[in-house]
Number of protein chains: 2
Amino acid sequence: MSYYTRIAALRDKRGLTQEELADLLGISRAALSHYEKNRRKPDFHTLTKLSDFFNVTIDYLIGRPPQLLDNNVNDHIPIHSLKEEDIFRMVELRWEGLLLTTDETKKVLNIVQKKNQL
Amino acid sequence: MSYYTRIAALRDKRGLTQEELADLLGISRAALSHYEKNRRKPDFHTLTKLSDFFNVTIDYLIGRPPQLLDNNVNDHIPIHSLKEEDIFRMVELRWEGLLLTTDETKKVLNIVQKKNQL
DNA sequence: AAAATCATGATACGTATTGTAACATTTATG
DNA sequence: CATAAATGTTACAATACGTATCATGATTTT
């Protein structure tokens, strides 16, 4: 219920001060401090700027726990006529909230391929 | 800049009225209408309830355009010591914002495997 | 097709939340 | 341990929110 955003952790990881990040995003340091301490909630625009900057999803940013993979109903996926670009768009691998590059994705998919288990 | 949430579209897809969805989520119909028309912005808790209900990310829900896969720096991924469960956690395939089930994911990964192109 | 019903959009206002500046406290450094 | 740098906190004006209510639009019924 009471989320803790991961802004502070992400910022620390990059060795930025509140003031530096605030300037980069065009917001005040006080506001950023409030966000990190969960006293204030950034609006969508700021959320997006933060997510873009750190290359994470908003879900990750606000500390939303990951969803489970089952109990879902996707009737409309044309699984057998997926084009390569469709698949490319679907595959978004992340590690601790961070998107993998194309290269990294390739490597992981190769492992999947070898293990042949999923 | 000015996002349009996909709440209305997702709700319509399920054939729900504003009142029905509002009741399911424990919010007022007026509030929901405001969210759909981008006159008000739901708080994190409501955002999460909506995302959980529709099984989509918050990013998708608020209409954030998808991120690109390149220009990223993930130095810390232990690619060669990934356990199967690690990979499982990483693989979150989506189609129009909706998470794929394990079965569907298997199928798509099988296609990837055959095309052997990614 | 008019009346009635249902669904959604819009407004106004009391309340709650936000942003900012200023001050306080904590942490790092010479 | 004194100073500076970084972060935390408070108070208040400005903004945004939730709700009730009314307005409009869309279906249904007869």
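Convention: sequence-line order gives letters A, B, ...; per-chain numbering from 1. All figures in this text were calculated on a predicted structure; none of them were measured in a lab.
Fit an axis to the five pairs at each end of the helix from C:dA1-D:dT30 to C:dG30-D:dC1 and the two axes sit 40° apart, to the nearest 10 degrees.
In this structure, CD1 of A:Ile27 is placed 9 Å from P of C:dT20, rounded to the nearest angstrom. Here the C1' atom of nucleotide D:dA5 and the CG atom of A:Leu16 are 15 Å apart, to the nearest Å. Rounded to an integer number of Å, the gap from CG of A:Asp43 to C1' of D:dT15 is 11 Å. Summarising the geometry, the separation between CD on B:Glu19 and P on D:dA20 is reported as 12 Å, rounded to the nearest angstrom. Here the C1' atom of nucleotide D:dG8 and the CD1 atom of A:Ile7 are 15 Å apart, to the nearest Å. Rounded to a whole Å, the CG atom of A:Leu32 is 12 Å from the P atom of C:dT20. Atom CZ of B:Phe44 and atom C1' of D:dC17 are 15 Å apart (whole Å). Spacing between atom NZ of B:Lys41 and atom P of C:dT17 amounts to 12 Å, rounded to whole angstrom units.
Remark: A:Ser28 is in phosphate contact with C:dT20, judged by side-chain N or O atoms under 4.0 Å from OP1 or OP2. Taking only side-chain nitrogens and oxygens, A:Arg39 never comes nearer than 4.0 Å to OP1 or OP2 of D:dG8. For C:dT18, the OP1/OP2 oxygens have no side-chain nitrogen or oxygen of A:Tyr35 closer than 4.0 Å.
Between the side chain of A:Arg29 and the base of D:dG8 there is at least one donor-acceptor pair of N/O atoms closer than 3.5 Å. For B:Arg40 and D:dG18, a side-chain-to-base donor-acceptor distance below 3.5 Å is present, hydrogens and geometry of angles not being considered.
When all heavy atoms of A:Arg64 and B:Val56 are compared, the pair lying nearest together is NH1-O, 3.5 Å. Between B:Thr57 and A:Asp59, the closest heavy-atom pair is CB-OD1, 3.4 Å.
With B:Ser51 contributing its side chain and B:Leu47 its backbone, the two residues share a donor-acceptor pair below 3.5 Å.
By the 6.0 Å and 45° rule, A:Arg6 stacks over the aromatic ring of A:Tyr60.
Projected onto DNA chain C by closest heavy-atom contact, B:His34 and B:Gln18 fall at different nucleotides, the more 5' of which corresponds to B:Gln18.
A 4.5 Å side-chain heavy-atom check between A:Ile7 and A:Ile62 finds every atom pair outside the cut-off.
For the side-chain hydrogen bond (donor to acceptor under 3.5 Å, both in side chains) with B:Arg29, the qualifying choice from B:Gln18, B:Glu20, B:Glu19 is B:Gln18, the only one to do so.
When each of C:dT8, C:dA10, D:dT7 is scored by its nearest atom to the side-chain atoms of B:Arg11, the top-ranked nucleotide is C:dT8. Closest contact between the side chain of A:Thr17 and the listed nucleotides D:dT19, C:dT8, D:dA6 involves D:dA6.
Residue A:Ser33 is in base contact, counting any heavy-atom pair closer than 4.0 Å across all strands shown.
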side-chain contact (heavy atoms from CB on, under 4.5 Å) between B:Phe53 and B:Leu21, intermediate numbers included: CA-CA 10 Å; B:Phe53 183 82; B:Leu21 178 56; 3.8 Å; yes
